[in-house]
Amino acid sequence: MDEYEARSWLCAELPELRRAAVDGRWTAALDQAVGMVKRSGVALDAVALLDPGLLDGEQDAHRGARPREPYLLAGMDARPLVGDYVCPNGWCDRRSGRDSRDRPPVCDLYARPMRFAER
């Protein structure tokens with residue numbers, strides 16, 4: 001796994017990691033890993049702390065890829081607006097769509113709304 005893959009994995013898996021950390025009572029370790037990333041900008045160190053097997057290729061890393069969905073903005077012509085929500089900082093390659101309640105996604109690392117990027 002390289003830095004690019006580590007960023008993709010971390011951003012895609014962070015919501016589930018947060019749930020698992022609460023359930024397993026290891027939120028301090030997750031907070032430490034997220035803090036390391038925020039300070040250094042290096043995701044490989046956080047992945048090594050959270051799941052060392054990913055670095056050795058023992059598991060398949062989640063690439064952060066999400067299905068692309070078209071969107072129409074209310075009041076616009078019939079021309080669809082097509083794109084994805086992307087990392088607000090340009091830090092990773094995570095792409096996402098709105099959730100089942102039609103809410104835009106949020107970057108879990110920086111707690112900021114993701115940015116819409118038209119294709």
Side-chain angles (χ1 to χ4, degrees):
M1 174 181 279
D2 61 15
E3 177 63 20
Y4 178 81
E5 292 171 322
R7 288 179 178 194
S8 298
W9 179 84
L10 184 62
C11 286
E13 297 299 324
L14 195 54
E16 182 57 35
L17 288 169
R18 287 193 195 283
R19 284 188 287 277
V22 168
D23 292 344
R25 297 188 177 149
W26 51 275
T27 56
L30 181 59
D31 291 344
Q32 178 185 359
V34 169
M36 287 171 31
V37 172
K38 286 183 177 180
R39 285 188 301 280
S40 70
V42 178
L44 280 169
D45 295 337
V47 172
L49 181 66
L50 295 171
D51 195 347
L54 286 176
L55 298 180
D56 300 331
E58 293 175 13
Q59 301 175 16
D60 290 331
H62 188 288
R63 304 289 185 203
R66 303 280 190 216
R68 295 182 177 180
E69 302 172 7
Y71 296 99
L72 283 174
L73 294 179
M76 290 186 71
D77 295 339
R79 185 187 80 111
L81 182 62
V82 180
D84 305 291
Y85 287 90
V86 298
C87 179
N89 294 340
W91 191 76
C92 75
D93 69 341
R94 178 179 171 208
R95 301 182 79 82
S96 188
R98 291 180 174 260
D99 69 12
S100 62
R101 294 170 61 190
D102 203 33
R103 296 175 298 193
V106 173
C107 169
D108 292 296
L109 185 62
Y110 290 99
R112 291 183 47 211
M114 292 180 69
R115 180 175 53 80
F116 186 80
E118 190 172 6
R119 278 188 264 144

Evaluation steps, side chain to side chain contact (heavy atoms under 4.5 Å, CB included), between Glu5 and Val47: CA-CA 10 Å; Glu5 292 171 322; Val47 172; over 6 Å; no

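- In the hydrophobic clustering of this structure, Val42 groups with Trp9; members are Ile, Leu, Val, Met, Phe, Trp, Tyr whose side-chain heavy atoms approach within less than 4.5 Å, directly or through other members.
- Considering only heavy atoms from C-beta on, Leu109 comes within 4.5 Å of Val34 through its side chain.
- Ala33 and Ala46 make their closest contact through O-CB, 3.7 Å (heavy atoms, listed as atom of the first residue, atom of the second, distance).
- Here SG of Cys11 is found 13.5 Å from CZ of Arg95. Values are rounded to the nearest 0.5 Å.
- The OG1 atom of Thr27 lies 11.5 Å from the CD atom of Gln32; values are rounded to the nearest 0.5 Å.
- Arg103 places no side-chain N or O within 3.5 Å of a backbone atom of Asp99 that could act as its donor or acceptor partner.
- The shortest heavy-atom contact between Ala43 and Val37 is CA-CG2, 4.1 Å.
- Heavy-atom minimum distance, Ser8 versus Cys92: N-CB, 4.4 Å.
- When all heavy atoms are compared, the tightest approach of Tyr110 to Lys38 is CE2-CG, 4.2 Å.
- Residues Leu44 and Leu14 share a single hydrophobic cluster, defined by chaining ILVMFWY side chains whose heavy atoms lie under 4.5 Å apart.
- Atoms CG and CG, on Leu10 and Asp45 in that order, are 11.5 Å from each other to the nearest 0.5 Å.
- For Asp84 and Arg119, the salt-bridge test passes: some basic side-chain N is under 4.0 Å from an acidic carboxylate O.
- The backbone N or O of Met114 sits nowhere less than 3.5 Å from a side-chain atom of Arg94 that would complete a donor-acceptor pair.
- What you find for Leu49 and Ala29 is that their closest heavy atoms are CD2-O, 3.8 Å.
- In this structure, CH2 in Trp26 is found 10.0 Å from CG in Asp31, a value given to the nearest 0.5 Å.
- Taking 4.5 Å as the limit, every side-chain heavy atom of Tyr85 sits out of range of all side-chain heavy atoms of Val106.
- To the nearest 0.5 Å, the span separating CZ on Arg18 from CG on Leu30 amounts to 5.5 Å.
- Note that CZ of Phe116 and OG of Ser96 are 11.5 Å apart. Values are rounded to the nearest 0.5 Å.
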